[in-house]
Amino acid sequence: MSENLEQSFVAQLQANQNIIHKICRLYTAGEDAHKDLFQEITIQLWKAYPKFRGDSKFSTWTYRVALNTAITLYRKTKRTISTVDYESHQYFVKDVDYNYEEEEQIKLMYKAVYQLNDIEKALVFMYLEDKDYQEIAETLGISEVNARVKMNRIKGKLKKILNP
């Protein structure tokens with residue numbers, strides 16, 4: 001793989017790694033699992049990067065790959081994850097300190113979101129990231145109308161969970 005492609009990937013990943021951290025936080029319960037999922041998503045992004053055509057923004061593509069990886073890996077609890085050693089690569093992504101000591105309200109929200117199914121989690125995540133319904137629909141592979149309807153239903157579910 002060319003050095004320019006590698007540098008381009010690292011720069012894009014550096015700029016968008018918070019997306020991956022947030023998805024990891026949504027789909028994992030501990031720091032080790034978070035790091036494992038982050039690494040696996042990074043590997044999947046790297047493998048798919050040569051096929052990235054730029055039809056959508058890099059961040060949208062990152063959401064899609066990261067969500068699909070998280071959903072696939074954590075749907076089945078008994079699954080061996082094979083990893084690739086990327087220590088041999090010349091360029092490294094600098095890890096941004098990620099604060100696990102969130103405010104109490106955010107913890108409650110995550111706890112409520114954990115109770116949702118995988119697609120609902122992804123939809124809530126993207127909604128909270130201020131993504132418009134068109135981008136949410138494109139990323140999740142559903143219609144824009146379906147995304148809106150699902151989000152309204154999820155809001156009702158979360159209200160019931162947070163205010164029993």
Side-chain angles (χ1 to χ4, degrees), residues 1-100 110 113-114 116-151 154:
M1 206 161 286
S2 79
E3 191 173 312
N4 284 344
L5 185 66
E6 198 169 322
Q7 288 175 332
S8 171
F9 174 76
V10 170
Q12 290 280 16
L13 185 63
Q14 196 81 31
N16 291 283
Q17 71 175 306
N18 282 338
I19 293 169
I20 303 168
H21 278 299
K22 290 173 185 174
I23 290 171
C24 292
R25 175 82 190 264
L26 193 61
Y27 285 92
T28 61
E31 190 173 347
D32 288 341
H34 179 112
K35 287 179 180 177
D36 288 346
L37 182 57
F38 185 90
Q39 180 178 354
E40 188 60 30
I41 290 169
T42 302
I43 290 166
Q44 294 308 318
L45 286 166
W46 172 244
K47 285 181 180 177
Y49 189 65
K51 297 175 193 152
F52 175 63
R53 297 184 310 264
D55 294 341
S56 61
K57 292 188 282 184
F58 184 84
S59 61
T60 301
W61 178 75
T62 300
Y63 277 118
R64 183 169 223 152
V65 172
L67 287 168
N68 286 337
T69 303
I71 289 169
T72 300
L73 292 179
Y74 286 92
R75 226 176 224 170
K76 296 179 181 180
T77 56
K78 292 184 179 182
R79 182 169 177 170
T80 304
I81 301 170
S82 61
T83 59
V84 176
D85 177 28
Y86 64 85
E87 299 270 332
S88 60
H89 289 284
Q90 184 177 355
Y91 304 99
F92 294 95
V93 175
K94 293 178 184 135
D95 191 22
V96 174
D97 288 336
Y98 193 77
N99 184 359
Y100 289 94
Y110 272 105
V113 171
Y114 263 139
L116 302 174
N117 70 40
D118 290 337
I119 298 300
E120 291 170 337
K121 284 179 190 176
L123 218 154
V124 166
F125 169 72
M126 295 190 75
Y127 180 81
L128 292 174
E129 287 289 303
D130 292 326
K131 299 301 173 190
D132 60 35
Y133 284 108
Q134 182 180 351
E135 189 172 353
I136 292 171
E138 179 185 326
T139 302
L140 297 179
I142 59 177
S143 73
E144 191 173 335
V145 172
N146 194 353
R148 289 180 189 276
V149 170
K150 283 183 180 290
M151 193 63 228
I154 293 167

- Tell me, do I154 and M151 make a side-chain contact under 4.5 Å, heavy atoms counted? yes

- Message: Under the rule for side chain to side chain contact (heavy atoms under 4.5 Å, CB included), what residues qualify as partners of D130, not counting sequence neighbours?
- Response: none

- Item | Side-chain heavy atoms of T69 within contact of L45, under 4.5 Å | no

- Message: By the salt bridge (Lys or Arg N to Asp or Glu O under 4.0 Å) test, which pairs, at least two apart or in different chains, include something from residues 136-146?
- Response: E144-R148

- Who passes side-chain hydrogen bond (donor to acceptor under 3.5 Å, both in side chains) against D55, sequence neighbours left out? R53

- Message: So that I know where these two stand, are F9 and F52 an aromatic pair - ring centroids less than 6.0 Å apart?
- Response: no

- Message: Taking the side chain as everything from C-beta on, heavy atoms only, tell me whether K150 gets closer than 4.5 Å to L140.
- Response: no

- With sequence neighbours left out, write down each residue that passes side chain to side chain contact (heavy atoms under 4.5 Å, CB included) with A15, or none if nothing qualifies. none

- Can you say whether the rings of H21 and F38 are parallel (under 30°), tilted (30 to 60°) or perpendicular (over 60°)? parallel

- Quick one: sort the W46 and Y49 rings into parallel, tilted or perpendicular, breaks at 30° and 60°. parallel

- Sorted by chain and number, sequence neighbours left out, side chain to side chain contact (heavy atoms under 4.5 Å, CB included) with D132 holds for Q134, E135

- Counterpart residues, side-chain hydrogen bond (donor to acceptor under 3.5 Å, both in side chains), relative to Y127 (two or more places apart): K155

